[in-house]
Asks: 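I have a structure I would like to understand better, so I am pasting it below and will then ask my questions one at a time.
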Number of protein chains: 2
Amino acid sequence: MATKTTENTPLSPEKAIRIQDKHRKIILAAIKVFARKGFFSARISDIAQEAEVADGTIYLYFNNKYDILISIFEEEIGKIIVDIKERINQEEDPKRMLRLFAANHMRLVKERKDLSEVLQMELRQSNKFMREYRNTRFIEYVDIISRIIHKGQELNVFRKDVLPGVAKRAFFGALDETARLWILSPTNQYTIEEAANQISSIFLSGIEQAN
Amino acid sequence: MATKTTENTPLSPEKAIRIQDKHRKIILAAIKVFARKGFFSARISDIAQEAEVADGTIYLYFNNKYDILISIFEEEIGKIIVDIKERINQEEDPKRMLRLFAANHMRLVKERKDLSEVLQMELRQSNKFMREYRNTRFIEYVDIISRIIHKGQELNVFRKDVLPGVAKRAFFGALDETARLWILSPTNQYTIEEAANQISSIFLSGIEQAN
DNA sequence: GAATCGCAAATGAATATACATTCATTATTA
DNA sequence: TAATAATGAATGTATATTCATTTGCGATTC
């Protein structure tokens, strides 16, 4: 569900770049506005204003308001997944992989606070109003964790009685909830890096194979 | 923000009961409808229909749509807190307390699926459209965890380098996220009781004082 | 015991508002 | 000049909230 224009007509390179520019500009504006107001309270005219385009222009690039949200999921998480997978593939040790995942997740939360808020909120809300949209991107992201755990079990680093399907959610949930509260009041007792560290440590000594 | 009627005139006992009945009836209907559609997509007339009252009747008991949501938080979480605190006070061992909290949380999720969905969703969304409403109930609930951890540290059962403020969120987040996914597809590989168990185990061996 | 009264509670049609979306018009570009 | 892109005012819709009216019920009178 992204750009409407490119459907039938191939574009010259310059044009494609220009169009993508405006598409991205709207996405970035929408992330800001959704983060500030939430999806439902955000008006198209807010997004248009933030993106410095006319209301109608948005409909040249997106089919409707939902479509903007879905595009945020697809495009932004998509990039994040590619990036973290690449980083993790450079590691050998499952323990370090998990620490890396946590650190990377929290870094993203810090660096892209608005995006994090949107993803967090709408992740919950979404199943209600876009029943048809299965959030495969998100599933893919969390599955990175279960694959690490599975690998660790094969290497006898992690306990075999841990269910990867539960552990992945527990780990992700721990990070996500800690991040959520951190966003709400960044004047906290702890830094987000500390939090990532603590959570990794607790979790790792929780699933470590005793020997 | 609850009942509007009782403001000036004291009521006979029977009447008070009748009114509370209808108030509750609307709350329960709203929980169902909000769970099904989400707060924003839920229409007042949906709630009225579910509660078998007229649209206008709802405004005799609540000031507006938000007020219904806030009342759900206040009243329903309120009861849950009282209940879990009582259960936990009957325990001595911090480890058992944590297990009890997890088991109880998951039992609630299972038994009151609709309520869980509403709390989970709107917890995230709420800060956007009810900025002024500080969700003290929720904070109180999660603080039960940090108090257990703190106590365990005093008794030398839990590691002292664990920050209770981080750990409480990590633990709650782990439960909450696992529950969320479980709700979405209850035909899962694991039961919710297993999940509670796993999470407790992982977390406990993660924060245990080595000796 | 029936008839009447008065008040609180409930009703639901009407109102008002907010906003997503459209599209006739204008600007830009090649 | 023709085609494409952008504009923003106008439209239509959806629905939260209101309020004039009706209903239900206990108390009071005869």
Side-chain angles (χ1 to χ4, degrees), chain A residues 1-27 29-30 33-34 36-71 128-130, chain B residues 1-27 29-30 33-34 36-71 128-130:
Chain A
M1 313 287 91
T3 315
K4 286 169 81 183
T5 334
T6 48
E7 268 163 14
N8 307 320
T9 26
L11 297 172
S12 69
E14 316 84 56
K15 235 182 211 170
I17 286 164
R18 228 189 32 255
I19 284 173
Q20 282 314 110
D21 267 351
K22 198 152 275 187
H23 176 93
R24 190 103 223 285
K25 213 174 166 194
I26 293 169
I27 291 255
V33 176
F34 288 159
R36 190 162 60 238
K37 302 195 154 192
F39 176 79
F40 283 100
S41 304
R43 278 164 292 156
I44 289 289
S45 58
D46 294 332
I47 298 171
Q49 189 166 41
E50 180 74 41
E52 295 174 294
V53 298
D55 293 18
T57 306
I58 289 179
Y59 290 88
L60 299 175
Y61 294 91
F62 300 92
N63 296 311
N64 52 46
K65 205 178 161 189
Y66 294 159
D67 193 27
I68 304 175
L69 185 59
I70 292 175
S71 300
K128 295 299 146 190
F129 62 90
M130 349 182 261
Chain B
M1 316 288 89
T3 316
K4 287 168 78 181
T5 334
T6 47
E7 269 164 11
N8 309 320
T9 28
L11 296 172
S12 69
E14 315 84 59
K15 238 180 211 170
I17 286 163
R18 232 193 24 258
I19 284 172
Q20 282 314 111
D21 268 350
K22 197 152 278 189
H23 176 91
R24 188 106 224 285
K25 213 175 166 192
I26 294 169
I27 290 256
V33 176
F34 287 159
R36 189 161 61 240
K37 303 194 153 194
F39 177 78
F40 283 100
S41 305
R43 278 165 291 155
I44 288 290
S45 57
D46 295 331
I47 298 171
Q49 189 166 42
E50 181 74 40
E52 294 174 295
V53 298
D55 293 18
T57 305
I58 289 178
Y59 289 88
L60 299 175
Y61 295 89
F62 300 92
N63 296 311
N64 51 48
K65 205 178 161 189
Y66 294 160
D67 193 28
I68 304 175
L69 185 60
I70 291 176
S71 299
K128 294 299 145 193
F129 62 89
M130 349 182 262

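The chains referred to below are lettered A, B, ... by the order of the sequence lines, with proteins before strands, and numbering in each begins at 1.
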Asks: Just how far, in rounded Å, is P of dA24(C) from OH of Tyr59(A)?
Replies: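 After rounding, the reported distance stands at 18 Å.
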Asks: In whole Å, what is the span from the CG atom of Asp21(A) to the P atom of dA5(D)?
Replies: 14 Å
Asks: Distance check needed: dT7(D) C1' versus Gln49(A) CD, whole Å only.
Replies: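 Distance check: Gln49(A) CD to dT7(D) C1' gives 15 Å.
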Asks: Please determine whether a side-chain nitrogen of the Lys or Arg among Arg43(A) and Asp46(A) lies less than 4.0 Å from a carboxylate oxygen of the Asp or Glu.
Replies: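 Result for this pair is yes, salt bridge flagged.
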Asks: Is any side-chain nitrogen or oxygen of Lys22(A) closer than 4.0 Å to OP1 or OP2 of dA6(D)?
Replies: yes
Asks: Return no unless some side-chain N or O of Tyr61(B) is found under 4.0 Å from OP1 or OP2 of dA10(C).
Replies: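 Yes, because at least one side-chain N or O of Tyr61(B) sits under 4.0 Å from OP1 or OP2 of dA10(C).
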Asks: Measure the acute angle between the ring planes of Phe62(B) and His23(B), then classify it against the limits of 30° and 60° as parallel, tilted or perpendicular.
Replies: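 Judged by the thresholds at 30° and 60°, the geometry between Phe62(B) and His23(B) is parallel.
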Asks: How many Å lie between CG on Leu60(B) and P on dT22(D), as a whole number?
Replies: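 Going from CG in Leu60(B) over to P in dT22(D) covers 17 Å.
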Asks: For the side chain of Asp55(A), counting heavy atoms from C-beta on, which of dT7(D), dA16(D), dG8(D) is nearest?
Replies: dG8(D)
Asks: Please tell me whether Phe39(A) and Phe40(B) form a close aromatic pair, meaning their ring centres lie under 6.0 Å apart.
Replies: no
Asks: In whole angstroms, how far is the C1' atom of dA6(D) from the NZ atom of Lys25(A)?
Replies: 12 Å
Asks: Considering only residues two or more places apart or on different chains, which pairs with a residue in residues 56-65 of chain A satisfy salt bridge (charged side-chain N to carboxylate O under 4.0 Å, His left out)?
Replies: none
